[in-house]
There are 2 protein chains.
Amino acid sequence: MPPTSETLTAERILEATEEVLRRHGPAKATVVDVARALGVSHGSVYRHFRTKAALREAVTKRWLDRTSQRLAGIVDAADRTPEQRLRDWLSTLFAAKRHKAGDDPELFATYTVLTDELGGVVHEHLADLTGQLTRIIAAGTASGAFHTPDPSATARAVFHATGRFHDPCHAREWTSPGIDAEFEAVVELLVRGLSREPGR
Amino acid sequence: MPPTSETLTAERILEATEEVLRRHGPAKATVVDVARALGVSHGSVYRHFRTKAALREAVTKRWLDRTSQRLAGIVDAADRTPEQRLRDWLSTLFAAKRHKAGDDPELFATYTVLTDELGGVVHEHLADLTGQLTRIIAAGTASGAFHTPDPSATARAVFHATGRFHDPCHAREWTSPGIDAEFEAVVELLVRGLSREPGR
DNA sequence: GGACTGACAGATATTGAAATCTGTCAGCCG
DNA sequence: CGGCTGACAGATTTCAATATCTGTCAGTCC
């Protein structure tokens with residue numbers, strides 16, 4: 001609403017877009033709405049983003065990157081064992097997703113729709129996350145805590161096996177009562193599979 | 001189309017419903033269509049199924065049960081070790097789902113929509129499948145091949161961890177090139193986690 | 001008498017005309 | 001200039017009238 005006569009930057013447009021998406025949802029959020037929220041004409045928005053799809057892509061990338069960055073801090077925590085870091089990383093990912101989905105279900109649904117449209121950005125995001133996982137697992141392999149001939153493939157396996165706890169298409173299940181126990185059971189099984197000496 | 005003057009049975013209605021769903025999809029399949037396909041008035045269909053939802057439920061249950069029955073044969077195969085049975089069972093489940101999704105994508109999408117509506121039937125189906133898994137894992141625990149304090153909870157964990165390879169919301173990914181390797185990697189990790197003496 | 005029909009009321013879906021949106025661009029304004 | 005506007009063409013969405021569907025039931029027909 002405030003036409004804030006500052007310069008029109010891509011950043012300001014992205015912020016306004018997020019706000020419009022939060023208010024109107026993905027289907028009804030138009031670039032005219034975004035321009036109106038900024039007090040400019042929609043032509044100006046097209047100066048910064050070639051198409052509506054590009055704008056949606058940029059705003060989604062920003063949203064996904066916020067999660068990546070939170071997780072990146074766990075990967076290199078030198079004071080924790082690889083197993084602890086793996087457990088932390090998976091728990092934090094699950095908690096972050098569940099938090100996003102629970103806090104503002106509308107906005108979460110919005111981004112779920114957006115990520116469905118935007119194959120490329122999502123693919124990069126997943127590559128980023130499995131890359132982080134690979135570093136933890138490789139560290140574990142180096143220290144002898146984990147045992148796998150191919151940390152990268154194993155990282156993807158761990159990521160896929162925990163999909164129920166971070167993939168948006170399972171968001172509905174994240175509020176069911178037994179979900180935490182289920183998460184623990186899956187992580188336990190995976191950690192046992194990764195460890196050289198399980199069953200202790 | 002053929003008014004087949006046989007008696008109108010629930011079974012015949014279910015067959016006609018499946019055909020109408022295959023042709024028209026879930027959104028456009030009406031009970032008037034089903035009646036027309038059978039050469040009767042739609043009032044007659046309501047004699048056998050109280051509501052359209054009940055009809056959809058019955059036809060979906062039939063469809064889900066076909067998968068359950070195929071898998072049930074693997075559970076008690078006396079000539080195979082529990083680990084082999086576990087691998088067989090998971091592979092067969094994946095193959096069956098992928099086959100259904102690939103063969104007739106329209107029909108698969110139709111049933112995916114239906115299962116989304118019908119919480120109860122699907123929940124029963126999942127309970128049935130995890131029950132089968134529990135029996136395999138319990139057999140493995142008894143023979144010393146597997147090691148878990150709670151076969152039922154572990155069965156659910158295995159089922160959830162392999163969700164990417166049987167949950168319809170991942171159907172799109174079942175045609176991607178690396179999917180078989182990914183499946184093997186996840187199963188490998190889980191079997192290792194279940195086994196008392198892995199890493200050999 | 002019991003399976004079936006077909007007309008009916010209320011709910012839901014389809015349709016097409018009108019409104020809005022996307023993306024462009026010639027021109028304005030500081 | 002260089003960022004911005006606003007009118008425009010074609011594509012998409014909305015909305016209300018119209019048609020179809022769901023579920024019921026009194027009545028038909030064998």
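Labels below follow one simple rule: chain letters A, B, ... track the order of the sequence lines, proteins then strands, and each chain is numbered from 1. Just so it is clear, the model here is predicted, and its values are computed rather than measured.
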Under 3.5 Å, which donor-acceptor pairs link side chains of residues 128-140 of chain A to any protein atom two or more places apart or in another chain?
from: Asp128(A); atom 1: OD2; to: Ser68(A); atom 2: OG; distance (Å): 3.2
from: Thr130(A); atom 1: OG1; to: Leu126(A); atom 2: O; distance (Å): 2.9
from: Thr130(A); atom 1: OG1; to: Ala127(A); atom 2: O; distance (Å): 3.2
from: Gln132(A); atom 1: OE1; to: Ala72(A); atom 2: N; distance (Å): 3.4
from: Gln132(A); atom 1: OE1; to: Trp89(A); atom 2: NE1; distance (Å): 2.9
from: Gln132(A); atom 1: NE2; to: Ser68(A); atom 2: O; distance (Å): 3.2
from: Thr134(A); atom 1: OG1; to: Thr130(A); atom 2: O; distance (Å): 2.7
from: Arg135(A); atom 1: NH2; to: Asp76(A); atom 2: OD1; distance (Å): 2.8
from: Arg135(A); atom 1: NH2; to: Asp76(A); atom 2: OD2; distance (Å): 2.8

Report the residues that fulfil salt bridge (Lys or Arg N to Asp or Glu O under 4.0 Å) with Asp167(A), sequence neighbours left out, ordered by chain and then residue number.
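Applying salt bridge (Lys or Arg N to Asp or Glu O under 4.0 Å) to Asp167(A) gives none.
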DNA chain C-proximal residues of residues 108-122 of chain B, any heavy atom under 4.0 Å:
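When residues 108-122 of chain B is checked for heavy atoms under 4.0 Å from DNA chain C, there are no hits whatsoever.
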Less than 4.0 angstrom from a charged side-chain N to a carboxylate O is my criterion; do Lys61(A) and Asp65(A) meet it?
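Looking at Asp65(A) together with Lys61(A), the answer is yes, because their closest N to O distance falls below 4.0 Å.
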May I ask you to check whether His170(B) and His160(A) place their ring centers less than 6.0 Å from one another?
no
What is the distance, rounded to the nearest whole Å, between atom NE2 of His24(A) and atom C1' of dT13(D)?
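Taking atom C1' of dT13(D) as the reference, NE2 of His24(A) is at 15 Å.
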Measure from CD1 on Ile13(B) to C1' on dA3(C) and round the result to the nearest Å.
12 Å
Closest approach of Arg80(B) and Arg85(B), non-hydrogen atoms and distance?
O-NE, 3.1 Å
Give the minimum heavy-atom separation between Asp33(B) and Thr30(B), together with the two atoms involved.
N-OG1, 2.9 Å
Nearest nucleotide by nearest heavy atom, which residue falls closer to the 5' end of DNA chain D, His48(A) or Lys28(A)?
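Its nearest nucleotide lies further toward 5', so the answer is His48(A).
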dT5(C), OP1 or OP2 - any side-chain N/O from Ser41(B) closer than 4.0 Å?
yes
According to the side-chain hydrogen bond (donor to acceptor under 3.5 Å, both in side chains) rule, which pairs have a member within residues 40-60 of chain A, sequence neighbours left out?
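Qualifying pairs, neighbours excluded: Arg56(A)-Glu117(A).
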Excluding sequence neighbours, so at least two apart, what forms side chain to side chain contact (heavy atoms under 4.5 Å, CB included) with Val187(B)?
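Val187(B) satisfies side chain to side chain contact (heavy atoms under 4.5 Å, CB included) with Arg87(B), Leu90(B), Phe183(B), Val191(B) once adjacent residues are dropped.
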Letter per nucleotide, 5' to 3', of nucleotides 21-30 of chain D [B base touched, S only sugar-phosphate touched, - untouched; heavy atoms, 4.0 Å]:
SBBB------
